[in-house]
Amino acid sequence: MALLTPSLSAGHTLVANEGGKLCWFDADGNVTSTVQLKGAPHDIHVLENGNVLTHQGTEIVELDGKSHEVVWSFDARKLATVDRVELHSIAPLPNGQMMVALSGEGKIFEIDRDGNVKRTITLKRDNPHPHRDTRQVRPVIAGDQWTYLVAQEGDGFVREYNRDGKIVWEYDVPMFGKQAKGGHGPEAFGDAVFCALRLENGNTLISTGNGHSVIEVTPQKDIVWKVDQNDLKDITLAWVTTLQVMDNGNIVLGNCHAGPGQPQIVEIDRDKQVVWSLMDFEHLGNSVSNSVIID
């Protein structure tokens with residue numbers, strides 16, 4: 001059983017680690033189901049039909065919400081024109097198609113369920129690398145139109161692209177006067193951004209990866225809110241990964257590579273009070289790539 005403090009009221013939790021394991025947790029921290037994938041997933045979506053969209057390596061898979069059997073798959077490597085590619089983000093689109101961000105290729109693809117490419121967006125890359133071109137990519141949807149917020153880890157930038165491939169907004173993730181330091185744990189430091197979400201107020205919420213923080217940035221690029229490495233009571237932030245904003249405004253964040261004794265998933269309110277946290281090293285280990293709270 002996981003250490004859960006206090007009990008989760010919003011629903012169940014679906015968590016993935018870099019060993020390729022998906023774990024479903026109930027509101028009391030009990031693991032109710034697990035699935036072992038063939039590769040490390042870095043993105044998870046729960047679809048309207050209750051199925052789970054994720055990936056194993058470069059293969060996108062849809063799992064039945066109850067049996068967890070694979071009901072659809074597509075290997076994104078088929079989209080590649082270069083030898084080495086990695087898949088770090090996928091997302092369902094309002095038109096029934098799917099967004100696929102392929103690092104190494106440096107492109108976002110919109111594809112149908114047969115793998116036919118409907119649109120291609122080429123990303124700006126200052127430091128091209130098949131492992132670091134992108135982390136999570138999130139569509140910013142306004143009716144039947146959308147843009148893409150792209151966390152470009154290797155560049156330390158969040159860039160927003162329209163569907164014609166034009167950068168309409170970008171943000172250079174700051175180092176806050178510190179020097180870069182290697183590693184993955186709390187001792188490391190950098191601007192390897194993992195996720196960015198557009199908020200209802202027009203601001204952008206950003207998890208800074210090995211910057212150990214979450215920041216809220218205005219369209220004018222001013223930081224108006226920040227959670228730093230040691231701001232949360234009895235918690236040390238390391239590589240901050242997934243972000244999820246709950247209906248009540250609380251923020252759920254992933255805390256990867258923080259080490260034993262530190263939770264892997266944390267929910268906080270806007271006063272930086274810890275509402276709920278999950279720590280389970282038995283099932284998840286120290287490399288939790290992403291999570292989603294299932295309402």
Side-chain angles (χ1 to χ4, degrees), residues 42-43 45 87-95 97-110 118-129 132-178 180 190-228 239-246 249 251-254 270 290:
H42 283 82
D43 211 349
H45 297 269
L87 178 61
H88 293 134
S89 196
I90 53 178
L93 296 173
N95 61 3
Q97 296 174 12
M98 187 176 305
M99 182 282 301
V100 180
L102 205 57
S103 290
E105 189 74 20
K107 294 175 182 175
I108 291 173
F109 298 94
E110 295 181 3
K118 301 300 184 179
R119 187 180 294 263
T120 302
I121 297 168
T122 300
L123 303 176
K124 177 184 177 181
R125 294 179 293 164
D126 299 327
N127 302 286
H129 193 282
R132 307 194 73 207
D133 285 348
T134 64
R135 276 303 180 254
Q136 292 191 337
V137 178
R138 291 293 177 258
V140 180
I141 299 170
D144 60 354
Q145 302 295 319
W146 61 89
T147 58
Y148 292 105
L149 271 177
V150 186
Q152 298 196 233
E153 180 186 89
D155 291 350
F157 264 81
V158 174
R159 295 189 175 105
E160 183 177 4
Y161 296 81
N162 66 19
R163 295 180 70 213
D164 293 325
K166 180 182 178 181
I167 297 173
V168 296
W169 186 80
E170 64 179 0
Y171 182 73
D172 186 357
V173 176
M175 294 287 287
F176 299 102
K178 299 180 182 180
D191 59 359
V193 59
F194 193 94
C195 181
L197 302 177
R198 181 61 43 77
L199 302 176
E200 290 184 359
N201 62 7
N203 293 348
T204 303
L205 194 68
I206 300 170
S207 60
T208 64
N210 61 349
H212 314 309
S213 63
V214 179
I215 56 178
E216 181 180 344
V217 180
T218 67
Q220 295 75 32
K221 305 179 184 180
D222 297 317
I223 297 175
V224 294
W225 187 81
K226 182 184 181 188
V227 176
D228 216 336
W239 206 294
V240 184
T241 56
T242 316
L243 293 174
Q244 183 177 357
V245 179
M246 308 304 291
I251 297 167
V252 180
L253 58 94
R270 280 296 185 151
N290 53 117

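Below, each value reflects all heavy atoms present in this structure, side chains not excepted, and no hydrogens, waters or symmetry copies.
For the pair Leu123 and Arg159, the minimum side-chain heavy-atom distance is 4.5 Å or more.
Closest heavy-atom contact between Asp155 and Lys124: OD2-O, 3.8 Å. Closest approach of Asn95 and Arg163 over heavy atoms only: ND2-NH2, 4.4 Å. The shortest heavy-atom contact between Gly154 and Asn127 is O-ND2, 3.4 Å. Here the closest non-hydrogen pair linking Ile215 and Phe176 is CG2-CZ, 4.3 Å. Of all heavy-atom pairs spanning Val214 and Leu243, the tightest one is CG2-CD2, 4.0 Å. Considering every non-hydrogen atom in both Val137 and Ser89, the closest pair reads N-OG, 2.8 Å.
Under 3.5 Å, the side chains of Thr241 and Asn290 contain no donor-acceptor pair of N or O atoms.
Distance check, rounded to the nearest 0.5 Å: OG1 of Thr218 to CG of Asn201 gives 9.5 Å. Separating the CZ atom in Arg135 from the CZ atom in Phe194 is a distance of 6.5 Å, to the nearest 0.5 Å. How far CG of Asp133 is from CD of Glu105: 9.5 Å, rounded to the nearest 0.5 Å. Atoms CD and CD1, on Glu160 and Ile167 in that order, are 10.5 Å from each other to the nearest 0.5 Å. In this structure, OG1 in Thr208 is found 7.5 Å from NZ in Lys226, a value given to the nearest 0.5 Å. Distance CE/Met99 to CG/Leu93: 7.0 Å, rounded to 0.5 Å.
With hydrogens and angles disregarded, a donor-acceptor distance shorter than 3.5 Å links the side chain of Lys221 to the backbone of Glu170. For the pair Thr242 (side chain) and Gly254 (backbone), a donor-acceptor distance under 3.5 Å is absent. Checking side-chain atoms of Asn203 against main-chain N and O of Glu216 turns up no donor-acceptor pair under 3.5 Å.
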- Task: Check the pair Ser103 / Thr134 against side-chain contact (heavy atoms from CB on, under 4.5 Å), numbers first and verdict last.
- Result: CA-CA 6 Å; Ser103 290; Thr134 64; 2.9 Å; yes
- Item | side-chain hydrogen bond (donor to acceptor under 3.5 Å, both in side chains) evaluation trace for Trp146 with Tyr148 | CA-CA 7 Å; Trp146 61 89; Tyr148 292 105; 3.0 Å; yes
- Kindly indicate, with the supporting measurements, whether the criterion side-chain contact (heavy atoms from CB on, under 4.5 Å) is fulfilled by Leu149 and Tyr171. CA-CA 10 Å; Leu149 271 177; Tyr171 182 73; over 6 Å; no
- Item | Test log, rule salt bridge (Lys or Arg N to Asp or Glu O under 4.0 Å), inputs Glu153 and Arg132 | CA-CA 5 Å; Glu153 180 186 89; Arg132 307 194 73 207; 2.9 Å; yes
- Item | side-chain contact (heavy atoms from CB on, under 4.5 Å) between Leu102 and Lys107, worked out | CA-CA 6 Å; Leu102 205 57; Lys107 294 175 182 175; 5.7 Å; no
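Under a 4.0 Å N-O distance rule, the pair Lys178/Asp191 does not qualify as a salt bridge.
Between His88 and His42, the ring-plane angle classifies as perpendicular under the 30° and 60° cut-offs.
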